[in-house]
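Reading through the structure tokens given below for one structure.
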Amino acid sequence: MFRVRLGDELEIEEEKIYATWLENHCFTFSRDQKYDENFIFVLPPPNANGELHLGHSFGYTIMDCIGRFQRQLGKNVLLLPGKDHAGIQTQVIFEKLLRDQGIDTTTLTREELYKRCYEFCIDRANYMRSQEKSLGLGADWNFELFTLDPRVSEIVLDTFIKLYEQGYAYRAERIVNWSIVSNTSISDIEVEHVEKPGTLFFIVYPWSDDIELEHEGDNYFDLEPDDVLNDAFLVKKLMNPPKRALIKGRKCVLHPVVKKLKSEEFLVYLPEVDLHKGITVATTRPETMLGDTAVAVNPDDVRYKNLIGREVTVPCINRKVSIIASPLVDPTYGTGALKVTPAHDFKDFEIAKQKNLQIVQVIGKDGLITQNGGKYCGLTIQQARQAVINDLKEEGLLVDTKEIVHFIPVSERAKDVIEPLVTDQWWIKVESLKEEALRRVKNKNELEVFPEEFRSLIIQWFERLEDWNVSRQLWWGHRIPAWYQNGDVISVSREVPDNASQDPDTFDTWFSSGQWAYSTLVAHNLLDLTACENWSHNYPTHLMVMGRDILFFWACRMILLGLYRTNRIPFKKLYFHGLILDEKGQKMSKSRGNGIEPKEVQSKYGTDVLRLSLLNGFTPGRDIRFGFSKCEPWSRFLNKLYNCAKFIKLNSGPETATNIIHPLCAELIRSTRTKCEEYKKGFEIFELSSVLDNIYTFFWDTFCDWYIEISKVLLKTPFALEQKTALKSAFEAILFMFHPFAPFVTEYLHTNFLGEKMLLAKKRFSDLTCYKLEVANSDYDMLSLFEIVRLLRRFKQFSTDQVDFFVEKSFNYEDDIVASLSRCNKCQSSDCNVEILVRTKKVFIKIRDIPVLKKELQKRLDAVEAQLERIEKLLKSDFSSKAPYEVVLKEKQKYEQLKIEKHELENQFASISGK
RNA sequence: GGGUGUUUAGCUCAGUUGGUUAGAGCGCCAGCCUUACAAGCUGGAGGUCGUAGGUUCGAAUCCUGCAACACCCACCA
């Protein structure tokens with residue numbers, strides 16, 4: 001926990017303040033209230049295997065800020081905290097930890113590993129909870145849950161059992177993304193594509209039988225390409241395009257399919273291929289040829305059309321395979337001939353399914369070549385690749401290589417290269433589930449998304465969603481409740497059948513976190529799943545907040561599973577925040593070394609500065625840049641707040657006025673109330689950043705720079721008591737409004753400087769003094785006071801001599817206030833040499849420095865004339881007839897006012913001329 | 001290849017449904033130790049709102065093209 005230093009002498013201990021909040025049950029949720037009185041939101045559970053980073057701090061700050069505001073409204077708020085077991089990620093981290101400690105993981109039983117890892121996670125969770133508390137997170141800790149908590153797992157398993165019973169969960173052998181390092185399958189969404197250099201090998205698969213090739217003459221027309229598409233040339237559409245062309249020195253043939261690019265049509269010319277020895281394929285992974293069961297070409301590809309059905313021999317393994325046609329083959333890429341390895345490539349698997357090809361697995365789950373790989377059996381992928389290349393070279397079948405840059409799939413968690421493999425897995429059939437999800441997500445009444453643009457991302461994701469592989473070959477996670485006898489599933493149930501063995505696999509982490517929105521509520525008896533079928537009442541939660549990076553991982557899955565089990569989207573409002581970038585706009589990461597730890601900021605500036613600088617200037621869904629330079633202004637702000645509190649304390653006593661009569665004091669109360677209302681409105685639509693901006697300006701510019709300065713005069717008059725009351729109640733409201741943003745310092749000042757007995761964290765709108773005071777009506781024009789002071793300040797600034805003034809019709813002490821703020825002296829009107837109309841008031845000024853006066857008057861006159869000219873032009877145009885009446889009227893009124901001002905100024909010029 | 005977002009002052013960003021003089025913080029210039037605060041106060045300079053068109057009486061704001069940057073998705077071997 002952190003101490004924050006304010007000014008020279010004040011230190012605030014955040015930990016003590018947090019303890020006080022807990023002691024006073026500031027964050028305690030009471031169960032017995034109605035939906036409308038509650039505000040419940042389930043917090044995203046961070047992975048319990050490390051510590052919180054700045055991104056977590058950002059999210060929590062937003063959530064806590066909203067939670068505190070909802071309490072101010074009088075709501076019964078529950079922020080429900082938790083931690084995620086994070087399957088594969090934790091297993092990777094934990095196994096490495098054991099290895100680093102010299103422990104051989106293979107010597108431990110599964111139960112032992114699980115137990116130790118559970119303890120590890122609980123330990124991390126404890127640490128992370130202390131971090132969450134240090135941020136000021138006002139969660140009800142009695143409700144905290146872990147995703148592997150028995151109360152939660154029970155629900156997760158039940159969901160799977162239900163899915164199985166209703167035919168949504170099934171087992172199938174299919175090609176999946178396989179991580180050799182983690183020894184498990186992973187879902188598409190956990191695969192990243194990383195750009196890396198690689199080599200494209202051109203390999204000849206010789207004809208199995210003798211073949212006679214047709215020869216079609218040598219007429220080639222010279223053509224200039226307009227563009228290049230992979231290995232083919234694009235030429236703008238011609239009237240009678242030649243069948244054969246020489247482009248950039250290469251013999252090409254015309255492809256019968258026209259390519260459309262940006263609404264323009266192009267002819268495609270494919271480079272001719274050498275077919276004498278055999279058919280040439282291109283691949284970056286030569287070792288997979290051991291599992292080739294076909295060579296595929298595009299059915300429209302004229303180069304190969306006549307060869308479909310012929311046989312070639314796959315070198316190294318000497319397997320005879322046919323040339324088949326598939327529209328999935330891109331004729332412009334490589335040679336246009338694709339080696340088909342169904343067991344180790346997604347597209348090839350698809351082709352094999354359509355064409356009923358044999359599937360030969362040559363790479364095992366351990367990453368070694370299988371027995372199907374013949375003499376290469378037992379080699380690693382890299383070794384096999386080298387061996388195959390050497391053998392091909394020897395036989396003269398490797399005809400070309402090309403260095404390319406391509407995207408290779410890697411595991412998001414372990415970062416190792418993904419090998420597509422055919423394995424037996426559990427799947428969730430998503431077809432009908434996603435239809436329902438799409439229908440509901442498109443309905444804006446059912447789900448509000450902040451920012452709204454993100455709704456289309458959710459829709460697109462669902463549209464593309466295919467069956468979900470939910471089994472993982474890991475020991476860390478919810479073990480799948482499927483039971484086998486002789487390799488067959490005999491039951492899926494929480495009951496243990498006799499003589500059966502349990503599926504060794506666990507669920508994909510997202511299968512459990514996808515249920516978090518309701519599993520947490522059910523675990524705490526806030527929701528009854530059995531009542532969900534035909535219910536009409538509201539879903540218990542109101543809001544879900546998360547980073548935009550887990551939109552697909554988490555938000556979509558919660559919608560999918562939430563609809564399945566509760567018949568509702570488990571949140572009414574879904575709010576996404578952006579990610580934290582460094583000052584240069586780059587992602588923070590350990591490898592770049594540009595990350596900032598939350599505690600670095602907290603110990604240097606205090607938690608409130610961290611919160612304020614994160615919340616300042618952000619827009620939902622948009623990433624923000626963060627660096628220490630963002631903290632400085634907020635550090636100054638807290639110092640200002642502290643000094644302001646000091647001033648208020650110095651100028652308040654036990655007595656208070658109940659009736660505010662002086663127009664300036666009344667005006668202060670009124671504008672404070674207005675700010676409170678704006679604050680409320682802004683928060684209700686989650687405009688946290690603009691709310692902060694608004695109250696910042698109110699505090700600094702309006703309250704400190706004007707009202708406190710004004711008070712320095714009024715405090716010496718008989719209006720002192722009501723001035724003190726007004727200042728104190730306005731400052732109370734200011735602390736109240738800043739409290740969700742900067743809870744620690746505001747709480748401290750509230751108790752120690754305002755001397756309030758009630759905790760600020762417990763204060764509601766209805767407790768604010770500014771709403772209770774009786775305030776006299778007045779039509780006082782605050783702006784004219786501001787204008788007069790600013791005018792005099794400018795004269796004073798530029799003038800070499802002193803400036804005196806007299807304000808017409810000034811009310812109680814107004815002239816003293818003007819004198820104090822402008823540092824000019826008041827005098828009698830008769831002593832003055834110039835009079836200026838400021839809004840509704842006339843100010844008489846005595847100024848000896850005539851050139852300065854003239855210059856200033858001229859500046860005003862120029863501005864007025866420019867305005868007049870502008871409006872005249874405007875009124876002469878179609879504006880008067882076509883613009884709405886109110887808008888025209890506003891301009892006309894402005895025009896009249898300006899004309900009077902101009903007249904006055906001209907008179908002044910006349911009176912000083914010659915002086 | 002598909003999609004989304006961004007482009008406003010020297011820097012970091014606001015700018016709500018189009019309304020006519022575009023805002024803040026930091027930085028810059030000038031002047032102030034005015035007894036809450038020099039981490040402050042006062043005054044000031046600085047922007048043809050990426051570009052080319054269009055709609056409109058009126059565009060930073062709406063539409064279209066273009067450019068640059070960023071991110072996400074995708075099974076080009």
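We use all heavy atoms of the structure for the numbers below, so side chains are in, but hydrogens, waters and symmetry mates are not. Here is the naming used below: chain letters follow the sequence lines, and residue numbers restart at 1 for every chain. Because the structure is a prediction, the values reported are computed rather than measured.
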Could you tell me the separation between the [atom1] atom of [X] and the [atom2] atom of [N], rounded to a whole number of Å?
{"X": "A/Leu581", "N": "B/C71", "atom1": "CG", "atom2": "C1'", "answer": "10 Å"}
{"X": "A/Lys587", "N": "B/C71", "atom1": "NZ", "atom2": "P", "answer": "7 Å"}
{"X": "A/Phe647", "N": "B/C37", "atom1": "CZ", "atom2": "C1'", "answer": "11 Å"}
{"X": "A/Ile624", "N": "B/G25", "atom1": "CD1", "atom2": "P", "answer": "19 Å"}
{"X": "A/Ile459", "N": "B/U4", "atom1": "CD1", "atom2": "C1'", "answer": "14 Å"}
{"X": "A/Leu457", "N": "B/C73", "atom1": "CG", "atom2": "P", "answer": "11 Å"}
{"X": "A/Glu886", "N": "B/U17", "atom1": "CD", "atom2": "P", "answer": "19 Å"}
{"X": "A/Leu614", "N": "B/G25", "atom1": "CG", "atom2": "C1'", "answer": "16 Å"}

What's the gap between [N] and [M] when it is taken at their [atom1] atoms, as a whole Å value?
{"N": "B/U64", "M": "B/C73", "atom1": "P", "value": "26 Å"}
{"N": "B/A38", "M": "B/U34", "atom1": "C1'", "value": "12 Å"}
{"N": "B/U6", "M": "B/C75", "atom1": "P", "value": "27 Å"}
{"N": "B/U17", "M": "B/C62", "atom1": "C1'", "value": "12 Å"}
{"N": "B/G3", "M": "B/U8", "atom1": "C1'", "value": "26 Å"}
{"N": "B/A60", "M": "B/G19", "atom1": "P", "value": "10 Å"}
{"N": "B/G50", "M": "B/C33", "atom1": "P", "value": "44 Å"}

Fill in: Distance-minimising heavy-atom pair for A/Ile12 and A/Val745
CD1-CG2, 4.1 Å
Item to complete: Could you point out which residue of A/Thr293, A/Thr341, A/Leu328, A/Asp345 forms a side chain to side chain contact (heavy atoms under 4.5 Å, CB included) with A/Ile351?
Response: A/Leu328
Discussion item. Counting only side-chain heavy atoms from C-beta out, which of B/G31, B/C76, B/C57 sits nearest to A/Asp330?
Written reply: B/C76
Worksheet, complete the sentence: The nucleotide from B/C57, B/A77, B/G40 with an atom nearest the side chain of A/Trp700 is B/G40
Counting any heavy atom closer than 4.0 Å, what does [X] reach on the DNA or RNA strands: base, sugar-phosphate only, or nothing?
{"X": "A/Lys894", "value": "nothing"}
{"X": "A/Asp345", "value": "nothing"}
{"X": "A/Thr697", "value": "nothing"}
{"X": "A/Gln460", "value": "sugar-phosphate"}
{"X": "A/Pro884", "value": "base"}
{"X": "A/Trp634", "value": "nothing"}
{"X": "A/Phe552", "value": "sugar-phosphate"}
{"X": "A/Asp705", "value": "sugar-phosphate"}
{"X": "A/Lys712", "value": "base"}
{"X": "A/Arg548", "value": "sugar-phosphate"}
{"X": "A/Ile708", "value": "base"}

Worksheet, complete the sentence: To the nearest 0.5 Å, atom CD of A/Glu678 lies from atom CZ of A/Phe698 at 9.5 Å
Would you tell me if any nitrogen or oxygen in the side chain of [X] comes within less than 4.0 Å of OP1 or OP2 on [N]?
{"X": "A/Arg794", "N": "B/G43", "answer": "no"}
{"X": "A/Lys882", "N": "B/C57", "answer": "yes"}
{"X": "A/Arg793", "N": "B/G44", "answer": "no"}
{"X": "A/Arg622", "N": "B/U6", "answer": "yes"}
{"X": "A/Lys630", "N": "B/C11", "answer": "no"}
{"X": "A/Arg823", "N": "B/U34", "answer": "no"}
{"X": "A/Thr288", "N": "B/A77", "answer": "no"}

Discussion item. Which is more 5' along RNA chain B, the nucleotide nearest A/Asp348 or the one nearest A/Cys644? Just name the residue.
Written reply: A/Cys644
Worksheet, complete the sentence: Per nearest nucleotide of RNA chain B, the residue lying toward the 5' end, A/Ser456 or A/Leu874, is A/Ser456
My understanding is that a pair needs two contacts under 3.5 Å, Watson-Crick or G-U wobble. By that rule, which nucleotide pairs with [N]?
{"N": "B/G2", "answer": "B/C72"}
{"N": "B/G65", "answer": "B/U51"}
{"N": "B/C57", "answer": "B/G19"}
{"N": "B/C32", "answer": "B/G40"}
{"N": "B/A9", "answer": "none"}

Practice prompt. Applying side chain to side chain contact (heavy atoms under 4.5 Å, CB included), run through A/Gln802 and A/Arg823 and close with a yes or a no.
Written response: CA-CA 9 Å; A/Gln802 75 169 46; A/Arg823 313 207 151 257; over 6 Å; no
Worksheet item: A/Trp468 and A/Arg557: side chain to side chain contact (heavy atoms under 4.5 Å, CB included), yes or no, with the steps?
Response: CA-CA 10 Å; A/Trp468 174 14; A/Arg557 300 234 155 115; 3.2 Å; yes
Worksheet item: Taking the six-membered ring for Trp, are A/Phe637 and A/Tyr696 parallel (under 30°), tilted (30 to 60°) or perpendicular (over 60°)?
Response: tilted
Worksheet item: So A/Tyr642 and A/Phe753, would you call those rings parallel, tilted or perpendicular, with 30° and 60° as cut-offs?
Response: perpendicular
Worksheet item: Going by an N to O cut-off under 4.0 Å, is there a salt bridge joining A/Glu684 and A/Lys681?
Response: no
Item to complete: Take A/Asp549 and A/Lys587 through the salt bridge (Lys or Arg N to Asp or Glu O under 4.0 Å) test and state the conclusion after the steps.
Response: CA-CA 12 Å; A/Asp549 53 330; A/Lys587 259 189 192 167; over 6 Å; no
